[in-house]
Amino acid sequence: MADQWKAHCLVVAYPAQGHINPMVQFCKRLAYHKVKATLVTALSFWKTVTTELTSDFNISVETISDGYDDGVDEEASRNPKNYVQRFWQVGPQSLSELIERLSGSGFPVDCVVYDSFLHWSLDVAKKFGLVGAAFLTQTCAVNSIYFHLHQGILKLPIDKETKILLPGVTELEPLDLPTFLFLQDGMHLHYWDFLVDPFDTIGKADWMLSNSVYELEPEVADWMKKKWPMMRTIGPTVPSMFLDKRIPNDNDYGISMFNPNDDLCMNWLNNKPKASVVYVSFGSLATYSEEHMQELAWGLIDADTFFLWVVRASEEAKLPKNIIETLSKKGLIVTWCPQLKVLAHEAVGCFITHCGWNSTLEALCLGVPMIGVPYWSDQTTNLKYIVDVWKVGLRAQMDEKGILRRETVKDCIKEIMEGEKGKEMKNNAIKWRNLIKNSIDDGGSSDQNIAEFVTAISK
Ligand code: UDX
């Protein structure tokens with residue numbers, strides 16, 4: 001059995017849904033290439049996972065401690081600095097113990113692929129003489145922004161009028177930058193540990209694997225490759241079968257903290273005409289105000305369109321009963337859905353999204369135009385690319401209070417589902433879908449990069 005594998009990679013994921021998903025998919029790619037992949041994440045997170053990987057993927061799972069084995073307390077959930085400090089203290093030791101334990105098994109570890117957020121993993125890998133590969137879960141453009149902050153080339157505070165010009169990155173306005181830069185009272189530093197500090201050591205990593213696609217951002221990818229010759233784009237980490245719109249295997253999307261209601265969603269979609277449904281979802285973390293949620297609800301009602309809206313259980317109370325009743329005339333509200341299957345369904349005409357990188361990449365892979373309502377983090381930069389670079393979506397402009405208004409929702413839906421602009425965006429979305437599909441097909445840019453990585457780490 002052991003000689004079936006060319007190498008053994010630990011794939012160390014930051015404990016969050018948006019980080020686990022791409023790392024699980026990357027594990028599957030490794031397993032496809034006969035590299036044994038062991039997904040590693042924090043025990044506290046693993047305990048919250050509701051769906052598990054099935055054995056057909058050949059992926060093992062191990063946990064390490066983040067210092068909160070009995071569950072992340074409220075203070076640490078509210079304050080990322082507290083969480084990260086403790087994780088950074090106990091994580092390296094816990095990861096070392098895991099590597100030691102595995103070295104006595106039939107499958108000693110050869111390589112540690114680590115989420116760049118968990119940058120201390122590189123020191124651990126080097127201590128054991130292993131290959132260390134940083135895995136960037138966000139776009140090359142966003143990582144370039146973090147790097148330029150790290151170098152002090154991009155300096156805070158940033159004046160509202162400044163035009164941000166970084167090599168290979170499209171021209172940005174300050175509001176296109178990741179939102180944490182604008183947090184007041186030193187709060188931005190709470191995110192520094194995992195967004196900017198990785199650039200202290202990244203140059204020492206043997207590989208830098210970016211969950212992006214070369215064709216999506218070639219200029220900045222080229223710039224990064226010049227700076228870090230071992231940088232490779234390996235995305236999209238989306239199950240390849242979805243790119244063909246083939247019927248996905250029910251278990252294909254791996255690990256989830258929430259229970260998707262597959263049958264309900266898919267049966268509902270099956271009865272809807274082609275491209276008639278607006279899919280609405282804001283990922284695993286975004287929380288909006290009641291006013292924002294209710295305006296969105298009325299916007300959907302006023303647009304008089306079919307919609308499938310994911311309202312996580314923790315957000316449900318923000319929608320009063322009377323709105324839910326009115327919404328249910330044309331829409332379905334669920335607490336979680338099989339997003340890839342939904343986006344692959346021909347009934348879906350557009351996606352109202354927070355522009356999380358996974359959601360963005362999934363919509364691009366499946367040729368679905370977007371209406372962007374960014375919540376935080378890299379989502380603002382992703383939206384800039386969705387609207388102005390890839391031209392596959394609209395920006396839903398918030399008012400001065402940061403609330404999305406119902407007229408805006410309605411207008412955006414009409415424009416994208418019925419207007420000329422919508423047709424153009426759909427055509428562009430199909431163009432990107434095909435380019436992305438080529439990148440992962442035999443001989444495509446990401447396929448070649450993954451093959452190169454596998455060859456280099458193989459024994
Ligand atoms: C976070 C950040 O917000 C994002 O900007 C960053 O780039 C990665 O981590 P999250 O907010 O959860 O993630 O959003 P996103 O990146 O879009 O990931 C959500 C994942 O959950 C996607 O893979 C999506 O397919 C999945 N999902 C979402 C479901 O499977 N079902 C749902 O109902 C909603």
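Only heavy atoms go into these numbers, but all of them, side chains included; no hydrogens, no water, no symmetry mates. One-based numbering, in listed order, for ligands and for the atoms of each. Each residue takes its place number in the sequence, starting with 1.
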Task: Interfacing atoms of ligand 1 (cut-off 4.0 Å, heavy-atom, Gln138) - done: 6 (C), 7 (O)
TODO: Would you mind listing which atoms of ligand 1 come within a distance below 4.0 Å of any non-hydrogen atom of Trp357?
DONE: 4 (C), 5 (O), 7 (O), 16 (O)
Open item on the list: With salt bridge (Lys or Arg N to Asp or Glu O under 4.0 Å) as the rule and sequence neighbours excluded, what pairs involving residues 371-385 come up?
Closed with: Lys384-Asp388
- [ ] Would you kindly specify which portion of Gln339 sits under 4.0 Å from ligand 1, judged on non-hydrogen atoms: side chain, backbone, both or neither?
- [x] both
- [ ] Report yes or no: do Ser212 and Glu217 form a side-chain donor-acceptor pair below 3.5 Å?
- [x] yes
TODO: Would you indicate which of Gln25, Gln17, Lys341, Glu362 comes nearest to atom 22 (C) of ligand 1 when only heavy atoms are counted?
DONE: Glu362
Open item on the list: Using a plain distance cutoff, I'd like to know if Gln379 has any nitrogen or oxygen under 3.5 Å from a nitrogen or oxygen of ligand 1.
Closed with: yes
Task: Atoms of ligand 1, numbered as shown, that sit under 4.0 Å from any heavy atom of Asn21 - done: 20 (C), 21 (O), 22 (C), 23 (O), 26 (C)
Open item on the list: Looking at ligand 1, is there an atom of it that comes within less than 4.0 Å of some heavy atom belonging to Ser281?
Closed with: yes
Task: Residue among Phe180, Phe117, Phe87 satisfying ring pair (Phe, Tyr, Trp, His ring centres under 6.0 Å) with Phe194 - done: Phe117
Open item on the list: Under 3.5 Å, is there a donor on one side chain and an acceptor on the other for His150 and Asp197?
Closed with: no
Open item on the list: Closer than 4.0 Å to some heavy atom of Ser359 - which atoms of ligand 1 meet that?
Closed with: 15 (P), 17 (O)
Open item on the list: I'd like to know whether ligand 1 has Arg312 as a neighbour, heavy-atom separation below 4.0 Å.
Closed with: no
TODO: Not counting sequence neighbours, which residues clear side chain to side chain donor-acceptor pair (under 3.5 Å) with Asp222? List them please.
DONE: Tyr214
Open item on the list: Please tell me whether Asn211 and Thr237 have a donor and an acceptor in their side chains that are separated by less than 3.5 angstrom.
Closed with: yes
Task: Ligand-residue contact atoms, ligand 1 with Asp378, heavy atoms, under 4.0 Å - done: 4 (C), 5 (O), 6 (C), 7 (O)
- [ ] Check each atom of ligand 1 against the heavy atoms of His19 and keep those under 4.0 Å away; list them by number with element.
- [x] 9 (O)
Open item on the list: Measuring from atom 12 (O) of ligand 1, which candidate in Ala286, Cys355, Ser284, Gly283 has the nearest non-hydrogen atom?
Closed with: Ser284
- [ ] Could you check which of Pro374, Pro22, Cys337, Ala363 puts a non-hydrogen atom nearest to atom 33 (O) of ligand 1?
- [x] Cys337
Task: Test: Lys225 cationic atom under 6.0 Å from Trp228 six-membered ring centre, within 45° of axis - done: no
- [ ] Verify, without hydrogens or angle tests, whether Lys160 (side chain) and Glu173 (backbone) share a donor-acceptor contact under 3.5 angstrom.
- [x] no
Open item on the list: Does only the side chain of Asn358 get under 4.0 Å from ligand 1, or the backbone, or both, or neither? Count heavy atoms.
Closed with: both
Open item on the list: Regarding Thr287 and Glu315, do their side chains bring together a donor and an acceptor under 3.5 Å, going by distance alone?
Closed with: no
